[in-house]
Protein chains: 2
Amino acid sequence: MKKKSIINDTPVCQIRMQAISDSMSILSGKWKFHIIGTLIEGNKLGFMDLLREVDGIGTKMLSKELQDLEMNQLIKRKVMNTKPITVQYSITEYGATLAPLIDELANWGVKYRKSVHG
Amino acid sequence: MKKKSIINDTPVCQIRMQAISDSMSILSGKWKFHIIGTLIEGNKLGFMDLLREVDGIGTKMLSKELQDLEMNQLIKRKVMNTKPITVQYSITEYGATLAPLIDELANWGVKYRKSVHG
DNA sequence: GAAAGTAGTTTCCTCTAAGAAACTACTTTC
DNA sequence: GAAAGTAGTTTCTTAGAGGAAACTACTTTC
């Protein structure tokens, strides 16, 4: 008889593990937290605004990540009737629920830095 | 004069962004949260235990991720004086500080599932 | 009419994450 | 002495992440 998982074999753990995988697949990549964090801080930003705010990102990645986030309804994209055309990106209510998670991530990172130096 | 970042140009935001990058680099990859979560639940597990608990992982990835986590002092590795040789992996105090973050990640994922289905 | 600003897309390239399978090495049990 | 269990390492391969640079397309300002 082959040994089986014990700890993670309960329904609760199965759901938790699945949930973690879900979150990670939606929030994967180098830039999503930075983009979401920026849009939570400054609501309604254009493409070029984001390009300036998110330090180091290029047009291709920004474009792709914004599409991903919009598809998952974490951000909204609104084309304005201006000349020249402008676009307003903003966080959705749903996307804003990520604020505590981003805070945790930032706080943990800050503590890590301190513990490494001190 | 070239336009500059406004929102993310404050020292506070710079530190936050850096912290998020730090956390992500330490916790990157498909398996780290699963391994850490498992070690928080069941303390002291062997290599083969983890291989069984973390559903889907292979020996190569497990070995590599455990080394990463040990290097960053999130887990401890202790070789036991048994025959055959066994190894006990356990979470460190420091690694345990990730519990709130993992909880947030799991909770957000659960909510996401519900909102997609409901 | 050239420059600069809007918002992207496309192409080409590299590097890494990840996985499957085979292998080492040692010990105990059948 | 073969099987099964301990704990990994090594090799080979592929898919995707990410980045640099050039390009489209349209408008306004100098």
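Remember, it's a predicted structure, so these values are computed and weren't measured experimentally. Naming convention: chains lettered A, B, ... in sequence-line order (proteins, then strands); numbering from 1 in each chain.
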Exercise for the section: Group every Ile, Leu, Val, Met, Phe, Trp and Tyr by side-chain heavy-atom contacts under 4.5 Å, then state whether B:M71 and B:I75 land in the same group. Expected result: no
Problem - Nearest-angstrom distance from the residue atom CG of B:L27 to C1' of C:dA17 - result: 16 Å
Close N/O contacts between protein and nucleotides 19-24 of chain C (under 3.5 Å):
unit_1: C:dG19; atom_1: OP1; unit_2: B:K30; atom_2: NZ; d: 2.6
unit_1: C:dG19; atom_1: OP2; unit_2: B:W31; atom_2: NE1; d: 3.0
unit_1: C:dG19; atom_1: N7; unit_2: B:K60; atom_2: NZ; d: 2.9
unit_1: C:dG19; atom_1: O6; unit_2: B:K60; atom_2: NZ; d: 2.4

Practice task
State yes or no: do B:L39 and B:M80 share one hydrophobic cluster built from I, L, V, M, F, W and Y residues joined by side-chain heavy-atom distances below 4.5 Å, directly or via other members?
Solution key: no
Practice task
Evaluate the side-chain proximity of B:D9 to A:E53: yes if any heavy-atom separation is below 4.5 Å, no if none is.
Solution key: no
What nitrogen or oxygen pairs link the protein and nucleotides 25-28 of chain D at under 3.5 Å?
none

Fill in the blank from the handout: Separation between OG1 (B:T92) and CG (B:L98), nearest 0.5 Å, reads 8.5 Å
Handout entry: Interatomic distance, A:I35 CD1 vs D:dG18 P [rounded to whole Å]
Key = 10 Å
Handout entry: Nucleic acid contacts - residues 63-71 of chain A versus DNA chain C, non-hydrogen atoms under 4.0 Å
Key = A:S63, A:Q67
For residues 54-70 of chain B, dump all side-chain donor-acceptor pairs below 3.5 Å to protein atoms at least two apart in sequence or in another chain.
unit_1: B:E65; atom_1: OE1; unit_2: B:K32; atom_2: NZ; d: 3.4

Fill in the blank from the handout: Output field dot_bracket for DNA chain D (Watson-Crick or G-U, both distances under 3.5 Å, | for other-strand pairs) contains ||||||||||||||||||||||||||||||
Exercise for the section: Taking ring pair (Phe, Tyr, Trp, His ring centres under 6.0 Å) as the test, write out the residues that go with B:W31, two or more places apart. Expected result: none
Fill in the blank from the handout: To the nearest angstrom, the NZ-C1' distance between B:K32 and C:dA18 comes to 12 Å
Handout entry: Remaining members of the apolar cluster that contains B:I15, side-chain heavy atoms under 4.5 Å
Key = A:V110
Practice task
For B:T97, check side-chain hydrogen bond (donor to acceptor under 3.5 Å, both in side chains) against everything at least two apart and list the hits.
Solution key: A:W108
Handout entry: side-chain N/O A:R52 vs C:dT6 OP1/OP2, d < 4.0 Å
Key = yes
Practice task
Sequence neighbours left out, what passes side-chain hydrogen bond (donor to acceptor under 3.5 Å, both in side chains) with A:N107? Give chain and number order.
Solution key: none
Handout entry: Between D:dG8 (P) and B:L51 (CG): distance, integer Å
Key = 11 Å
Exercise for the section: Can you establish whether the number of heavy atoms outside A:Q73 located under 6.0 Å from its atom CD is more than 12? Expected result: no
Exercise for the section: Identify, with sequence neighbours excluded, every residue that meets side-chain hydrogen bond (donor to acceptor under 3.5 Å, both in side chains) alongside B:T86. Expected result: B:T82
Fill in the blank from the handout: Whole-Å distance, B:Q88 CD to D:dG8 P, equals 12 Å
Exercise for the section: Determine whether A:I91 and B:I6 fall in the same hydrophobic cluster, where Ile, Leu, Val, Met, Phe, Trp and Tyr are linked whenever their side-chain heavy atoms lie under 4.5 Å apart. Expected result: no
Practice task
Nearest whole angstrom, please: distance from the P of C:dA7 to the NZ of A:K78.
Solution key: 15 Å
Completion exercise
Here the residues of residues 16-26 of chain B within 4.0 Å heavy-atom distance, strictly under, of DNA chain D are none
Exercise for the section: Scan side-chain atoms only and decide if B:Y89 and B:D49 contain a donor-acceptor pair under the 3.5 Å cut-off. Expected result: no
Handout entry: CD-CG distance between A:Q88 and A:L45, expressed to the nearest 0.5 angstrom
Key = 9.0 Å
Handout entry: Cluster overlap A:V12 with B:F33, hydrophobic side-chain contacts below 4.5 Å
Key = no
Enumerate donor-acceptor pairs with a distance under 3.5 Å from any side-chain N or O in residues 17-28 of chain A to protein atoms, sequence neighbours excluded.
unit_1: A:Q18; atom_1: NE2; unit_2: A:D22; atom_2: OD1; d: 3.2
unit_1: A:S21; atom_1: OG; unit_2: A:M17; atom_2: O; d: 3.2
unit_1: A:S21; atom_1: OG; unit_2: B:H34; atom_2: NE2; d: 3.3
unit_1: A:D22; atom_1: OD2; unit_2: B:R113; atom_2: NE; d: 2.6
unit_1: A:S23; atom_1: OG; unit_2: A:A19; atom_2: O; d: 3.1
unit_1: A:S23; atom_1: OG; unit_2: B:L105; atom_2: O; d: 2.8
unit_1: A:S23; atom_1: OG; unit_2: B:G109; atom_2: N; d: 3.2
unit_1: A:S25; atom_1: OG; unit_2: A:D22; atom_2: O; d: 3.0
unit_1: A:S28; atom_1: OG; unit_2: A:S25; atom_2: O; d: 3.3

